[in-house]
2 protein chains.
Amino acid sequence: MSEENLLKLVEAEEPEENDYHLQEQVGFILRKAHQRHVSIFAAHIADLTPPQFAALAKLRDVGETSQNQLGTLIAMDAATVKGVIDRLKARGLVELSKHEVDKRRLLVNLTAEGRDAIERLIPLARDITEETLAPLTPKEVATFMKLLAKLA
Amino acid sequence: MSEENLLKLVEAEEPEENDYHLQEQVGFILRKAHQRHVSIFAAHIADLTPPQFAALAKLRDVGETSQNQLGTLIAMDAATVKGVIDRLKARGLVELSKHEVDKRRLLVNLTAEGRDAIERLIPLARDITEETLAPLTPKEVATFMKLLAKLA
DNA sequence: GAAAATTCATTCGTATGCAAATGATATCAA
DNA sequence: TTGATATCATTTGCATACGAATGAATTTTC
């Protein structure tokens, strides 16, 4: 058998397609779905970003926490959460204090204004979730959320 | 009854109006799923980001295009795609030229090196997709991709 | 054909997002 | 107790991501 035919045979045994379609890849669609959600978020809540909202909502849940711990809870690394908290602090929505025992820790908590803000925004957040999932039927929503959670 | 159990009872009897859980919101989970994918991508392809890969993969599909048109195809706005293309150009993976007729347009195309790179990376991209979807069964993958596409 | 509207690209400003390096503090282990 | 590790936070650098403003070129409209 010629070298050329041998090559063809080897290629024929490969199950791989030559086609690669970017728009069918899960990463690409995930990025687009996320973009769409952020856009819907901004249309409902113009003065806060999703990460800023997440920080406030989580502080409402757990109360005072260290900056790093908050980052863990809302899936942000230390460098990212610092920027988010800095901006919330500049707007008076959170306040910072030093941990009395562990001097490394920077404690973060809602201010009264921050608490008012998050309570006021949560109903809008429900609308955002609803609009994001609007293309799906209720049954599809349940299925999708279950599967998405497995990937996160 | 202990004070602790009494507290539990009182809490159980309270109509729960604090029923907003960040970690159950589609936007939050979408963000985490995207983060996980990007992390998997970086583990397989260290020298290119997902947007850079997307640009090369799409140029492979469609050939020479204008920068804006490419942005539309890979869901990036004009400002973002400019930065991505600038960096790919600096690395010699794409080349730019002026449109002869429409002088507003900046044409983008793969260089020989860029074409080699994307052909070499596509098999790795298949692995990335596979690993991202690994928590799901094949049947779940089909369902998930169908529903995700509706949201993107 | 000229004014108006549109399109393409660039620039600026702001906000994630993360790797890596650094410094301060706390904890673990020999 | 001390030396090694680990944790918390900060800083720097780089890369998306997008709104808004701008300028250049094209198309539409009247």
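Chain letters run A, B, ... following the sequence lines, proteins first and then strands; every chain starts at 1.
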Atom pair distance, as rounded to whole Å: [atom1] in [X] and [atom2] in [N]:
X	N	atom1	atom2	answer
His99(A)	dT7(D)	NE2	P	16 Å
Lys103(A)	dT27(C)	NZ	C1'	16 Å
Arg91(B)	dA15(D)	CZ	C1'	12 Å
Leu107(A)	dC8(D)	CG	P	12 Å
Lys98(A)	dT25(C)	NZ	C1'	13 Å
Phe41(A)	dG19(D)	CZ	C1'	17 Å
Leu70(B)	dT16(D)	CG	P	13 Å
Gln69(B)	dT6(C)	CD	P	19 Å

TODO: In plain terms, say whether Arg91(B) and Glu113(B) are close enough for a salt bridge, that is, a side-chain N and a carboxylate O under 4.0 Å apart.
DONE: no
Task: Salt-bridge criterion met for Asp86(B) and Lys89(B) (N-O under 4.0 Å) - done: no
Task: Gln67(A) side-chain N/O to dT10(D) phosphate OP1/OP2 under 4.0 Å - done: yes
Open item on the list: Within the structure provided, determine whether Leu107(B) and Leu96(B) are in side-chain contact (heavy-atom separation under 4.5 Å).
Closed with: no
Any side-chain to backbone donor/acceptor pair from [X] onto [Y]? Under 3.5 Å, distance only.
X	Y	result
Arg60(A)	Glu119(A)	no
Ser66(B)	Arg105(B)	no
Thr80(A)	Ala78(A)	no

TODO: Assign a letter to each nucleotide of nucleotides 11-20 of chain C from its 5' end: B, base within under 4.0 Å of a protein heavy atom; S, sugar-phosphate only; -, no contact.
DONE: B---SSBBB-
Task: Sugar-phosphate only, base, or nothing, as touched by Val101(A) at under 4.0 Å among non-hydrogen atoms - done: sugar-phosphate
Task: Given dT10(D), dA9(C), dT25(C), the nucleotide with the shortest approach to the side chain of Ser66(B) - done: dA9(C)
Open item on the list: Tell me which one of Leu93(B), Val94(B), Ile85(B), Val84(B) satisfies side chain to side chain contact (heavy atoms under 4.5 Å, CB included) with Gln52(B).
Closed with: Val84(B)
Task: Short side-chain donor-acceptor distance under 3.5 Å, Thr129(B) and Gln25(A) - done: yes
Close N or O pairs between protein and nucleotides 1-3 of chain C (under 3.5 Å):
none

- [ ] Fit a plane to each ring of Phe41(B) and Phe53(B), take the angle between them on a 0 to 90° scale, and name the class: parallel (under 30°), tilted (30 to 60°) or perpendicular (over 60°).
- [x] perpendicular
